[in-house]
Participant: 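Take this structure first; my questions come after.
These values consider heavy atoms only, across backbone and side chains, with no hydrogens, waters or symmetry-generated copies.
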Amino acid sequence: EWLEVVALLARESPPRTLLPQSTGGSSDDRCAVDRLEREQAARLRPGTRLGRYHVEHPIGHGGMGVVHAAYDPELDRHVAIKLLRPGAGSDMAVRRFSAERRILARLNHTNIATLLDAGTSEDGQPFIAMEYVEGTAITTWCDGRRLGVRERVALFAQVCAAVQHAHANLVVHRDLKPGNILVTDDGVVKLLDFGIAKLMPGGDDAPDATQTQLGQRAFTPEYAAPEQFREHGVGTSADVYALGVVLFELLAGRRPIRVEGGSWAAIEVAVRRGRNDDGRRSTCLRPLGVGIHQLRRLHPLRVQFFPAENA
């Protein structure tokens with residue numbers, strides 16, 4: 001049904017160019033990246049071997065991992081190596097990292113970064129070798145090219161296809177945001193970072209306390225569904241909510257709910273109330289809402305909810 005909504009937006013929205021308004025990560029995020037890179041650099045210098053891979057340089061971080069560019073001499077290609085970040089080597093974190101590897105092994109889709117290999121270093125450090133994606137956050141990519149609504153919605157359809165594939169394989173991402181949705185120079189979307197993803201009931205690996213505990217408060221609050229703040233009952237609907245926030249940002253240049261200061265507590269209150277911090281609901285995309293409402297009357301959206309105790 002998401003793809004039907006996307007098609008409706010592309011058909012009914014007038015062509016226009018959106019001025020660049022979306023911004024990258026906050027200064028706090030950049031400081032966190034710098035700190036993690038310095039800490040990891042003490043352990044992984046350029047040329048360090050991890051299995052057959054030669055580490056080159058750090059390229060980012062996730063909820064509990066740090067990602068490095070590396071070279072695979074056997075296949076003459078670059079890969080992205082993800083390891084647990086410094087200080088995150090608890091038994092629970094290692095189990096969750098192992099769960100991430102199993103989750104990625106279930107997924108095979110053009111718009112999801114591919115798992116290439118997994119192993120353990122000589123000093124016992126687990127790692128994941130992923131497809132190396134040279135891309136830009138979807139909001140930045142669209143703004144930099146001054147794309148109109150139709151082009152943005154067409155690109156967003158690729159994101160929906162990736163998430164639909166994950167859900168079909170009983171995987172909930174739980175941290176969908178522009179920084180985890182990259183676009184290559186060729187215009188191909190790549191969904192990244194399943195670090196706090198979970199398997200829904202019916203998967204080969206039943207959800208456990210490790211998935212739940214490490215998924216709590218590890219998400220990005222600005223894109224999180226209300227149920228994620230309650231820390232229970234999180235299912236595919238949480239990803240659908242996040243998709244809506246990302247689509248809103250792509251079309252309007254900002255997120256639907258704005259909170260001055262951006263503290264976790266303030267964002268939680270605003271998200272759970274569904275209103276901006278001034279108490280008003282957003283009306284930025286009201287003209288589009290009529291068409292979506294008509295579509296929902298013709299094709300009601302079906303959302304699969306799972307028992308809260310399995311979240």
Participant: To the nearest 0.5 Å, what is the distance between CD1 (I112) and CG (L107)?
Facilitator: 4.5 Å
Participant: Look at the side chain of R152 and the backbone N and O of L250, then say whether any donor-acceptor pair between them is shorter than 3.5 Å.
Facilitator: yes
Participant: Would you call K82 and E100 a salt bridge, using N to O less than 4.0 angstrom?
Facilitator: yes
Participant: State whether the side chain of W141 and the backbone N or O of G135 hold a donor-acceptor pair below 3.5 Å, judged by distance alone.
Facilitator: no
Participant: Just checking, is any N or O donor in the side chain of R77 or Y71 under 3.5 Å from an acceptor N or O on the other one?
Facilitator: no
Participant: For the CG atom of L116 and the CE atom of M130, what is their distance to the nearest 0.5 Å?
Facilitator: 7.0 Å
Participant: Donor-acceptor check, side chain of R106 to backbone of N169, threshold 3.5 angstrom: yes or no?
Facilitator: yes
Participant: Indicate yes or no: at least one non-hydrogen side-chain atom of L176 is less than 4.5 angstrom from one of H173.
Facilitator: yes
Participant: So, Y53 versus D117: side-chain donor-acceptor pair below 3.5 Å or not?
Facilitator: yes
Participant: Check for a donor-acceptor pair, side chain of N180 on one end and backbone N or O of D175 on the other, with a separation under 3.5 Å.
Facilitator: yes
Participant: Between H78 and D72, is there a side-chain donor-acceptor contact under 3.5 Å, judged purely by atom types and distance?
Facilitator: no
Participant: Verify, without hydrogens or angle tests, whether E151 (side chain) and G148 (backbone) share a donor-acceptor contact under 3.5 angstrom.
Facilitator: yes
Participant: Hey, are E131 and K190 close enough for a salt bridge, meaning a charged N less than 4.0 Å from a carboxylate O?
Facilitator: yes
Participant: Determine which pairs satisfy ring pair (Phe, Tyr, Trp, His ring centres under 6.0 Å) with at least one residue from residues 104-130, sequence neighbours left out, and list them in order.
Facilitator: H109-H165
Participant: Quick one, Q228 with R174, criterion side chain to side chain contact (heavy atoms under 4.5 Å, CB included). Give me CA distance, side-chain angles, the key distance, then yes/no.
Facilitator: CA-CA 8 Å; Q228 289 182 267; R174 295 201 290 184; 4.1 Å; yes
Participant: Counting distance only, does the side-chain N/O of D193 pair as donor-acceptor with the main-chain N or O of G195 below 3.5 Å?
Facilitator: yes
